[in-house]
Amino acid sequence: MRPWRHIDGRFLYLPASQDVWNQLRARLQLAQRLSGTAIWVPHPGAIGIGVDVDLPIGGFVDVLLLPRDTTQWPLEGTQMEFYIWWIDEYPQIRLLPADPRHRREDFDEWISSQNGPAAAAFRTHHSA
């Protein structure tokens with residue numbers, strides 16, 4: 001069953017059980033590439049976008065990783081590639097758009113100053 005569900009004109013997030021999430025999380029890695037569809041863009045500029053990644057848990061792109069210019073955000077229904085940015089105890093995958101046009105404008109500079117595990121994994125997998 002899909003975790004993002006359209007009910008009464010709005011999207012609700014109803015992820016799989018914690019047991020399913022624990023099994024799935026063990027198979028996922030930071031900077032891993034996933035295909036997904038932007039299915040929920042509540043108010044561009046507000047919090048981010050919900051993404052269906054064809055798993056029993058959903059994906060989410062935080063506003064801090066998206067362009068300041070909200071016209072550059074993916075529209076609902078846009079199919080695209082993402083990198084796993086963060087995985088934690090909550091059954092949801094935080095994502096980073098693979099296409100630089102859908103990332104914050106200063107991403108290259110910003111990523112070089114970040115010390116977290118997601119930034120380190122991204123730099124390791126994407127260094128030239």
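Since the model is a prediction, treat every value here as computed from it, not as a measurement.
- Scanning for side-chain hydrogen bond (donor to acceptor under 3.5 Å, both in side chains) contacts around R103 gives an empty result, with sequence neighbours left out.
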Kindly indicate, with the supporting measurements, whether the criterion side chain to side chain contact (heavy atoms under 4.5 Å, CB included) is fulfilled by V61 and F82. CA-CA 9 Å; V61 181; F82 297 89; 3.8 Å; yes
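- Taking P91 as the reference, P15, Q18, W21, I57 meet the side chain to side chain contact (heavy atoms under 4.5 Å, CB included) condition, with sequence neighbours excluded.
- Side chain of T124 to main chain of A120: a donor-acceptor pair is present (N/O by atom type, distance under 3.5 Å, no hydrogens or angles).
- Separation of atoms CG (L96) and CZ (R104) is listed at 10.5 Å; rounding is to 0.5 Å.
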Could you walk me through whether T78 and T37 pass the side chain to side chain contact (heavy atoms under 4.5 Å, CB included) test, one step at a time? CA-CA 5 Å; T78 302; T37 303; over 6 Å; no
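- Under the rule for a side-chain hydrogen bond (donor to acceptor under 3.5 Å, both in side chains), R27 has no partner lying at least two apart in sequence or in another chain.
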Go through it in stages, so that I can follow the logic: the residues are I93 and L55, the test is side chain to side chain contact (heavy atoms under 4.5 Å, CB included), and I'd like the CA-CA distance, side-chain angles, deciding distance and then a yes or no. CA-CA 10 Å; I93 301 172; L55 294 171; 4.0 Å; yes
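- Under the salt bridge (Lys or Arg N to Asp or Glu O under 4.0 Å) criterion, the residue pairs touching residues 46-66 are R2-D52, R2-D54, D62-R94, with sequence neighbours excluded.
- Among residues at least two apart or in separate chains, salt bridge (Lys or Arg N to Asp or Glu O under 4.0 Å) pairs with a member in residues 75-84 are R33-E81.
- Under the rule for a side chain to side chain contact (heavy atoms under 4.5 Å, CB included), the partners of P67 that lie at least two apart in sequence or sit in another chain are Q72, W73, E105.
- Not counting sequence neighbours, the partners of Q29 by the side chain to side chain contact (heavy atoms under 4.5 Å, CB included) test are Q32.
- In this structure, the salt bridge (charged side-chain N to carboxylate O under 4.0 Å, His left out) partners of D99, at least two apart in sequence or on a different chain, are R101.
- For L95 against L65, the heavy-atom pair with the smallest separation is O-CD1, 3.5 Å.
- Under the salt bridge (charged side-chain N to carboxylate O under 4.0 Å, His left out) criterion, D88 pairs with no residue, sequence neighbours left out.
- The shortest side-chain heavy-atom distance between L28 and I87 falls under the 4.5 Å cut-off.
- Between the side chains of D69 and T71, at least one donor-acceptor pair of N or O atoms lies under 3.5 Å.
- S35 has its side chain out of reach of Q79: every pair of non-hydrogen atoms, C-beta onward, lies at least 4.5 Å apart.
- In terms of hydrophobic clustering, with Ile, Leu, Val, Met, Phe, Trp and Tyr side chains grouped at heavy-atom distances under 4.5 Å, W40 and L64 are assigned to a common cluster.
- A pairwise comparison of heavy atoms in L24 and P56 identifies CD2-CD, 4.2 Å as the closest pair.
- Listed by chain and number, the residues in a ring-ring contact (aromatic ring centres under 6.0 Å, His included) with Y83 are F122, H126 (sequence neighbours excluded).
- With sequence neighbours left out, the side chain to side chain contact (heavy atoms under 4.5 Å, CB included) criterion links Q23 to no other residue.
- Considering only heavy atoms from C-beta on, V63 stays 4.5 Å or farther from R68 through its side chain.
- In plain terms, the two heavy atoms of I49 and P74 that are nearest each other are CD1-CG, 3.7 Å.
- Applying the side-chain hydrogen bond (donor to acceptor under 3.5 Å, both in side chains) rule to pairs touching residues 107-116 yields nothing, sequence neighbours excluded.
- Between the R123 side chain and the I111 main chain, a donor and an acceptor come within less than 3.5 Å of each other.
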